[in-house]
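Have a look at the structure below before the remarks.
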Amino acid sequence: MHSFGYRLNGLLTFALTILALMCVITSLSDNFNTPSPSADIKITNINWFQKQPQGHDEVSLTMNVSADLQSLFTWNTKQVFIFVAAEYETPKNSLNQVSLWDAIIPAKEHAKFWIHTSNKYRFVDQGNNLRGKKFNLTMHWHVMPKTGKMSADKIVLTGYSLPEEYR
Amino acid sequence: MDWQGQKLAEQIMQVLLSVFAVVSFVAGYVLGSFQMMMLVYAVGVTLTALITVPNWPFFNRHPLNWLDPSEAEKQPKPQVAVSSKKKSTKK
C-alpha cells in the first residue's frame with residue numbers, strides 16, 4: 001500500500017467485492033417475501049371460429065383479464081412479465097399451450113389492473129381439434145429481479161370451452 | 001507515506017467500506033429502494049477514496065530517517081552472502 005496506484009487498486013477491488021456480496025444478500029432478501037397474487041379471466045365473446053386454408057383450426061376471442069400481482073413486487077424487482085396461455089389436450093399432444101396475450105408490468109402501481117382485449121396472438125391449433133374443446137386459461141408470470149435469479153409461477157383457471165361448430 | 005501510515009490507510013479503508021456497505025444496505029432495504037442503496041454506497045466509496053488514497057500529511061507522522069549518503073559511506077558495509085541485488089523504491 002505504498003503508492004497512490006496500489007492503494008487505489010486495493011480500494012476499488014475491495015469495494016467491488018463488497019458490492020457483489022451486497023447484491024447476493026439483496027437477492028436472498030427476496031425469499032422473505034410471500035406473494036399472494038390473484039387473477040381472473042372471463043371470455044366475453046368468441047369473435048370467429050374457422051378452419052384455415054392450411055387445415056388448422058383458428059379461433060379469435062375477446063376476454064376480460066383482471067389481476068392483482070402487487071404482492072409479487074419487492075425492492076429488488078425490476079419488472080414482471082405476464083402472459084395468458086390456453087392449455088388443452090389433443091390426441092396428438094398431451095399438452096398444447098398457446099399464448100394469447102402478454103404484458104410487461106414495470107412497477108407495483110401497474111400490477112393491479114383490468115383489461116378488455118382480444119387475443120394478441122393467434123389461437124391456432126395443430127390440427128382440427130378445437131370444436132367443443134374444453135381448455136384452461138393459465139396466467140403465467142416471470143418475476144425479473146434487479147439482481148439475482150428470476151422466478152416464475154402461474155395460476156390455472158379451468159372451465160372454459162369452445163363452440164361445437166365453426167362460426 | 002510511512003509504514004505506520006500505510007497500515008493506518010489500509011485499516012481505515014477496510015473499516016469505512018464495510019460500514020458504508022452495511023449502512024447503504026440498511027438504507028436501501030428500509031426505504032425499499034435499490035437505487036438508494038447504490039447511491040449511498042457510491043458516495044461511501046468516493047469518500048473512502050478521498051480519505052485513504054492520497055498521500056495526506058497525517059499518514060506521515062512516523063517518518064523514516066534515512067542516513068545522509070555522506071554519513072552512510074563512513075559506516076561499515078554489511079557482508080553480502082549471496083551476490084544478488086534487490087532494488088526497492090519508496091515513494
Side-chain angles (χ1 to χ4, degrees), chain A residues 1-37 68-81 104-112 142-151, chain B residues 1-60 62-64 66 86-91:
Chain A
M1 304 292 277
H2 60 303
S3 78
F4 187 93
Y6 278 35
R7 286 192 295 276
L8 189 62
N9 181 34
L11 181 140
L12 285 174
T13 311
F14 194 54
L16 264 166
T17 311
I18 292 189
L19 182 64
L21 266 167
M22 279 161 59
C23 285
V24 167
I25 299 179
T26 306
S27 173
L28 290 174
S29 79
D30 268 352
N31 293 336
F32 291 126
N33 182 44
T34 47
S36 52
D68 180 3
L69 302 171
Q70 285 188 323
S71 57
L72 293 172
F73 279 81
T74 69
W75 69 307
N76 186 30
T77 306
K78 184 179 184 316
Q79 64 195 15
V80 172
F81 172 71
I104 292 178
I105 305 177
K108 194 170 179 172
E109 300 80 55
H110 304 128
K112 189 167 181 178
H142 292 258
V143 179
M144 298 171 179
K146 291 189 172 116
T147 170
K149 193 171 182 298
M150 186 174 84
S151 64
Chain B
M1 233 189 242
D2 58 61
W3 298 115
Q4 299 280 44
Q6 289 176 30
K7 182 174 164 189
L8 185 64
E10 182 160 357
Q11 281 174 338
I12 292 180
M13 186 258 296
Q14 287 170 340
V15 166
L16 271 183
L17 280 183
S18 308
V19 163
F20 267 108
V22 171
V23 164
S24 69
F25 182 81
V26 168
Y29 191 76
V30 161
L31 290 172
S33 166
F34 192 85
Q35 202 175 10
M36 188 51 69
M37 176 173 90
M38 287 295 144
L39 197 66
V40 172
Y41 188 62
V43 165
V45 170
T46 318
L47 195 71
T48 311
L50 279 172
I51 293 177
T52 63
V53 174
N55 198 0
W56 300 116
F58 65 84
F59 285 128
N60 208 17
H62 306 268
L64 298 155
W66 295 105
K86 268 194 178 179
K87 271 199 171 185
S88 63
T89 50
K90 286 224 61 70
K91 282 198 190 147

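Residue numbering restarts at 1 for every chain, and letters A, B, ... go by the order of the sequence lines. Fair warning: this is a prediction, and the values are worked out from it, not measured in the lab. Heavy-atom basis, side chains included; hydrogens, waters and symmetry copies ignored.
Looking at heavy atoms from C-beta onward, B/Phe34 lies in side-chain contact with A/Thr147 at the 4.5 angstrom threshold. In this structure, the side chains of B/Val45 and A/Leu19 stay at 4.5 Å or more apart for every pair of heavy atoms.
When the heavy atoms of residues 69-81 of chain A are compared with those of chain B, the residues falling under 4.5 Å are A/Trp75, A/Asn76, listed by number. Of residues 35-42 of chain B, those residues lying under 4.5 Å from chain A by any heavy-atom pair are B/Met37, B/Met38, B/Tyr41.
Contact of B/Ser33 with chain A is made through the backbone alone, with heavy-atom distances under 4.5 Å. For A/Leu21, no part lies near chain B; criterion is any non-hydrogen pair under 4.5 Å. Of the atoms belonging to B/Ser18, heavy atoms from both backbone and side chain fall under 4.5 Å from chain A. Proximity to chain A is absent for every atom of B/Phe59, based on heavy atoms less than 4.5 angstrom apart.
B/Gln6 contributes atom CD, which lies 10.5 Å from atom OH of A/Tyr6 (distance to the nearest 0.5 angstrom). Note that CZ of B/Phe25 and OG1 of A/Thr26 are 4.5 Å apart. Values are rounded to the nearest 0.5 Å.
Under a cut-off of 6.0 angstrom, the local environment of CZ in B/Phe58 is crowded, with over 12 non-hydrogen atoms contributed by other residues, nucleotides or ligands.
Shortest non-hydrogen contact noted between A/Leu11 and B/Leu17 is O-CD1, 3.8 Å. Across every non-hydrogen atom of B/Pro54 and A/Arg7, the tightest pair is C-NH2, 4.1 Å.
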Audit row: B/Asn55, A/Phe4, side chain to side chain contact (heavy atoms under 4.5 Å, CB included) steps and yes/no: CA-CA 7 Å; B/Asn55 198 0; A/Phe4 187 93; over 6 Å; no

